[in-house]
There are 2 protein chains.
Amino acid sequence: MSQFSGSQLSGTAPGGGGENLLFLTDEQLRKGIEAMFFAYRGFTADPDRILETMDYGRAHHRAVHFIHRSPGTTVSNLLGILGVTKQSLNRVLRSLIDDGHVRSEKGRRDGRERHLFLTEKGEAMEKSLSDAQRARMRAAYRAAGPVAVQGFRQVLEAMMDPGLRDYYNRLRDGA
Amino acid sequence: MSQFSGSQLSGTAPGGGGENLLFLTDEQLRKGIEAMFFAYRGFTADPDRILETMDYGRAHHRAVHFIHRSPGTTVSNLLGILGVTKQSLNRVLRSLIDDGHVRSEKGRRDGRERHLFLTEKGEAMEKSLSDAQRARMRAAYRAAGPVAVQGFRQVLEAMMDPGLRDYYNRLRDGA
DNA sequence: AACTTACGTCAGCCTTGTTGACTTTCCAAG
DNA sequence: CTTGGAAAGTCAACAAGGCTGACGTAAGTT
């Protein structure tokens with residue numbers, strides 16, 4: 001019915017030479033804030049359900065995701081990405097290593113560093129988690145269409161803190 | 001430089017009559033997942049900094065946001081939106097009421113219900129929190145442009161759980 | 001009168017974050 | 001070679017914010 005009431009989203013200034021001057025009312029921004037809140041709930045819901053069947057939490061998922069993404073990454077690198085203390089990360093890493101999901105390897109160039117890898121078992125777990133999460137992403141992408149997806153990524157990127165945006169882009173361009 | 005490497009995002013099937021058949025590789029979906037993760041960090045960073053100066057956390061922010069949004073909402077309504085237990089919400093609500101940020105009013109039609117409102121003090125706090133959050137949203141929206149914003153909202157909406165999407169749309173159409 | 005709903009609250013538990021302190025290992029600069 | 005500092009691991013203690021279970025009370029509903 002009133003599905004088009006959503007298109008009060010934005011516009012260019014009247015008589016404003018077509019430049020990028022948006023009318024962003026507090027209400028429109030509030031809707032965006034709520035969209036982030038509700039969408040993030042959906043975003044984490046599927047993996048959360050799987051995780052709780054194996055005594056892990058979101059913290060484990062995050063670690064596993066980024067170790068999968070950057071095999072051989074170091075602990076301090078991971079600390080920077082995840083933005084937690086080493087004590088907090090260590091607890092999570094400890095249980096992942098003890099359960100045989102993650103392997104920690106002393107650095108050859110720099111012996112202080114530990115390089116982190118997923119074991120076969122860990123890769124399997126990562127796959128089951130990310131399959132669930134990707135399924136929802138795929139459905140959302142399909143429903144919204146390619147143009148929307150492009151915009152989605154642009155806004156999210158603009159929302160990141162600069163340091164993390166750099167990290168994100170490094171991943172993006174394949175590292 | 002390689003900013004156009006991001007446009008491997010999606011496409012329609014070759015020879016596929018222009019329908020909505022997207023090529024969504026696991027890699028592309030993974031980028032979306034990471035974008036959500038990093039963007040959400042940015043999204044909460046500013047209010048988090050303010051909250052910690054007043055002994056509140058994200059849980060308080062969420063409650064205050066939705067009470068501001070729907071003044072007079074009931075406890076059980078809020079429980080549904082936030083997806084937490086009443087014990088958990090009550091702890092947060094208790095402190096907000098004790099500190100004079102929230103007012104709880106016995107329902108006149110149904111005396112079992114408690115209707116929640118922000119006090120003046122509560123409204124002021126809400127404003128300071130949402131000003132910070134909106135500033136980032138506004139910057140991101142400006143940077144990405146109106147078309148991107150439209151897509152951003154579409155994808156997020158498609159990512160929500162159906163129940164929350166309904167709630168979101170009810171808010172959206174002004175309730 | 002009996003049942004149900006909405007709310008509040010007590011007690012206890014878990015995860016995941018925090019700080020602070022201390023140790024071991026190891027690279028690198030003086 | 002020594003020393004300073006970085007990377008990592010660990011111990012202890014604590015807090016926020018989730019959870020379950022149980023119980024009580026007020027107020028509608030049948």
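All heavy atoms count here, side chains included; hydrogens, waters and symmetry mates do not. Here the structure is a predicted model, which is why all the values come from computation and not from measurement. Letters A, B, ... mirror the listed sequences (proteins, then strands); counts begin at 1.
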Once you round it to whole Å, what is the distance between [atom2] of [N] and [atom1] of [X]?
X	N	atom1	atom2	result
B/Asp110	C/dT4	CG	P	17 Å
B/Arg49	C/dT18	CZ	C1'	17 Å
B/Leu51	C/dG17	CG	P	17 Å
B/Ile97	C/dG8	CD1	C1'	10 Å
A/Leu96	C/dT16	CG	C1'	14 Å
B/Leu79	C/dT5	CG	C1'	13 Å
A/Asn90	C/dT18	CG	P	13 Å
B/Glu113	C/dC7	CD	P	6 Å

Q. Does A/His60 place a side-chain N or O at less than 4.0 Å from the phosphate oxygens OP1/OP2 of C/dT16?
A. yes
Q: Answer yes or no: does a side-chain N or O of A/Arg62 lie under 4.0 Å from OP1 or OP2 of C/dG17?
A: yes
Going by an N to O cut-off under 4.0 Å, is there a salt bridge joining [X] and [Y]?
X	Y	answer
B/Asp98	B/Arg94	yes
B/Asp166	B/Arg170	no
B/Arg69	A/Glu27	yes

N/O donor-acceptor pairs under 3.5 Å from side chains in residues 77-86 of chain B, not counting sequence neighbours:
| unit_1 | atom_1 | unit_2 | atom_2 | d |
| --- | --- | --- | --- | --- |
| B/Asn77 | ND2 | B/Thr73 | OG1 | 2.7 |
| B/Thr85 | OG1 | B/Ser88 | N | 3.3 |

All N/O contacts under 3.5 Å from nucleotides 20-25 of chain C to the protein, with atom names and distances to one decimal?
| unit_1 | atom_1 | unit_2 | atom_2 | d |
| --- | --- | --- | --- | --- |
| C/dG20 | O6 | A/Gln87 | NE2 | 2.8 |

Q. Contact class for A/Arg91 (heavy atom, under 4.0 Å): base, sugar-phosphate, or nothing?
A. base
How about [X] and [Y]: do any of their side-chain heavy atoms sit closer than 4.5 Å?
X	Y	value
B/Leu129	B/Met54	yes
B/Met36	A/Tyr40	yes
B/Glu126	B/Ile67	no

Q.
What is the first contacted nucleotide of DNA chain D and what is the last, in 5' to 3' order, if contact means an atom lying under 4.0 angstrom from a heavy atom of chain B?
A. D/dG17 to D/dG28
Q) Out of A/Arg114, A/Arg108, A/Arg112, which one pairs with A/Asp110 under the salt bridge (Lys or Arg N to Asp or Glu O under 4.0 Å) rule? A) A/Arg112
Q: Determine the sole option in A/Arg41, A/Arg134, A/Arg136 for which the salt bridge (Lys or Arg N to Asp or Glu O under 4.0 Å) test with A/Asp46 is passed.
A: A/Arg136
